[in-house]
Amino acid sequence: MPETTIETKTAATPDRSPAGSRAAGLVRPVRTVAILGAVGALVAAIALPAFASASGPATAAPVTTEQLAADNAQSIVVASEATQAPSAREQFTATTPDEIEKRKAEEAAAARAAAAAAAATVASASRPSIAGLALVAPGSGAVRYPVTSFTPGEGPGSGRGHEGWDMIAPEGTPIYAAAAGTVTASAESIGGYGVSIMIMSNINGTMVETRYGHMVYGSRMVQAGEQVSAGQLIGLVGNTGNSYGSHLHFEVRIGGSVIDPEPWLAANAG
């Protein structure tokens, strides 16, 4: 009995015939084309709507700066013609360092002037009023200037206890009694007055005391208790006592109160 040979092929055995090789070669290009097509479709699906939205119709109007600002509130749109405004500081406008320094100097000077005016107002308010104290007609001769040629100096109310009016004149200038009266004091040294004389006068029923200080040593021409007339020579301008230079320290007191001699003399002596 002849032998029979049966050939079998398993499923795992690869088909290495020419027909099988051609089939495998066709599968790979088809798969590549499919993948590329899928990627292209995905890109088109994403990019085309965005492109269509951004490009808009060809006839759309140009976008203005106001629209841009409205679309994006965080954006700042500056016009090309914008210019820098001058800087303002401390109530003045300046654009250069020199102008700023000039304005500061002007303001400082104005502040000093205002402070001086305020100080003068306070000093004036602290002085007794002379309203109604014109005791005699100006120019009548009942009241006279104690020095006829002088430079006005410091008045009362300086804050250092200065109670008279400094009438600056060269040493040896004649001093006259401002009004007729009785000499109450005459000495070579009376406190800070130095060589001085004091006279009490009755001017139309008002008792007025006048004081003359810083006279030259030995120049007193009247003594306590003597009567003097208005305009009588009583001494010479000097620099004694608490004095900073040659001048007459002239005081006027009414009822014990210090009166500013300058306006009092103007009201009564003329």
Side-chain angles (χ1 to χ4, degrees), residues 120-158 161-187 190-216 219-238 241 243 246-270:
T121 301
V122 172
S124 176
S126 66
R127 300 177 185 177
S129 173
I130 64 168
L133 293 182
L135 305 178
V136 295
S140 65
V143 176
R144 304 186 182 188
Y145 278 84
V147 178
T148 58
S149 179
F150 64 94
T151 299
E154 182 180 12
S158 65
H162 192 258
E163 298 180 333
W165 184 28
D166 291 343
M167 308 174 78
I168 303 171
E171 186 169 323
T173 299
I175 300 173
Y176 306 98
T182 301
V183 178
T184 58
S186 178
I190 302 179
Y193 293 100
V195 180
S196 57
I197 293 174
M198 301 177 185
I199 301 173
M200 183 64 72
S201 305
N202 185 338
I203 305 176
N204 285 342
T206 300
M207 303 306 296
V208 180
E209 180 185 22
T210 54
R211 299 183 179 185
Y212 314 78
H214 308 319
M215 295 192 295
V216 174
S219 68
R220 292 177 297 113
M221 299 181 182
V222 293
Q223 299 297 325
E226 293 183 8
Q227 298 293 315
V228 297
S229 59
Q232 181 178 333
L233 180 64
I234 60 174
L236 303 175
V237 172
S243 175
S246 178
H247 70 285
L248 169 65
H249 175 87
F250 179 62
E251 290 185 16
V252 176
R253 296 170 183 260
I254 298 178
S257 298
V258 175
I259 303 299
D260 192 335
E262 183 177 6
W264 184 82
L265 285 171
N268 292 277

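Since this is a predicted model, take the numbers as computed values, not measurements.
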query: Hey, are the side chains of Tyr176 and Arg144 touching, using non-hydrogen atoms and a 4.5 Å cut-off?
result: no
- prompt: Could you state the interatomic distance from OG (Ser196) to NE2 (His214), rounded to the nearest 0.5 Å?
  reply: 9.0 Å
query: Which value, rounded to the nearest 0.5 Å, describes the distance between Leu135 atom CG and Asn204 atom CG?
result: 6.5 Å
message: Restricting to non-hydrogen atoms, name the atom on Ile254 and the atom on Thr206 that form the minimum distance, rounded to 0.1 Å.
response: CG2-CG2, 3.8 Å
- prompt: So how far is it from Ile168 CD1 to Leu248 CG, rounded to the nearest 0.5 Å?
  reply: 11.0 Å
Heavy-atom side-chain proximity of Val147 to Thr173 below 4.5 angstrom: yes
query: Any side-chain heavy-atom pair from Ile190 and Met198 closer than 4.5 angstrom?
result: yes
query: Does a side-chain heavy-atom distance below 4.5 Å link His162 with His249?
result: yes
- prompt: Which atom names give the shortest non-hydrogen contact between Ile203 and Ala179, and what distance separates them?
  reply: CD1-CB, 3.9 Å
Thr182 (side chain) donor-acceptor with Met200 (main chain) under 3.5 angstrom: no
message: Can you give me the closest heavy-atom contact between Glu163 and Val258, atom names plus distance?
response: O-CG1, 3.3 Å
- request: Would you sort out whether Trp264 and Trp165 count as a side-chain contact (heavy atoms from CB on, under 4.5 Å), showing the intermediate values?
  value: CA-CA 11 Å; Trp264 184 82; Trp165 184 28; over 6 Å; no
- prompt: Does any non-hydrogen side-chain atom of Phe250 lie less than 4.5 Å from one of Leu265?
  reply: yes
message: Nearest 0.5 angstrom please: Ile175 CD1 to Thr148 OG1, how far?
response: 11.0 Å
message: Within the structure provided, determine whether Ile199 and Tyr212 are in side-chain contact (heavy-atom separation under 4.5 Å).
response: yes
message: Quick one: does any side-chain atom of Ser229 pair with a main-chain N or O of Ala180 as donor and acceptor, under 3.5 Å?
response: no
- prompt: So do Val252 and Val208 actually touch side chain to side chain, heavy atoms under 4.5 Å?
  reply: yes
- prompt: Which heavy-atom pair separates Asp260 from Pro156 by the least distance, and what is that distance?
  reply: OD1-CD, 3.8 Å
- prompt: Backbone N or O of Gly238 within a donor-acceptor pair of the His247 side chain at under 3.5 Å?
  reply: no
message: If I compare all heavy atoms of Ala267 with all of Ala134, which pair ends up nearest, and what's the gap?
response: O-CB, 3.9 Å
field: Closest approach of Ala178 to Thr210 (non-hydrogen atoms, all atoms of both residues)
entry: CB-CG2, 4.3 Å
query: Atom CZ in Arg211, atom CZ in Arg253: separation rounded to 0.5 Å?
result: 4.0 Å
- prompt: About how many Å separate CD1 of Ile197 and OG of Ser219, when rounded to the nearest 0.5 Å?
  reply: 7.0 Å
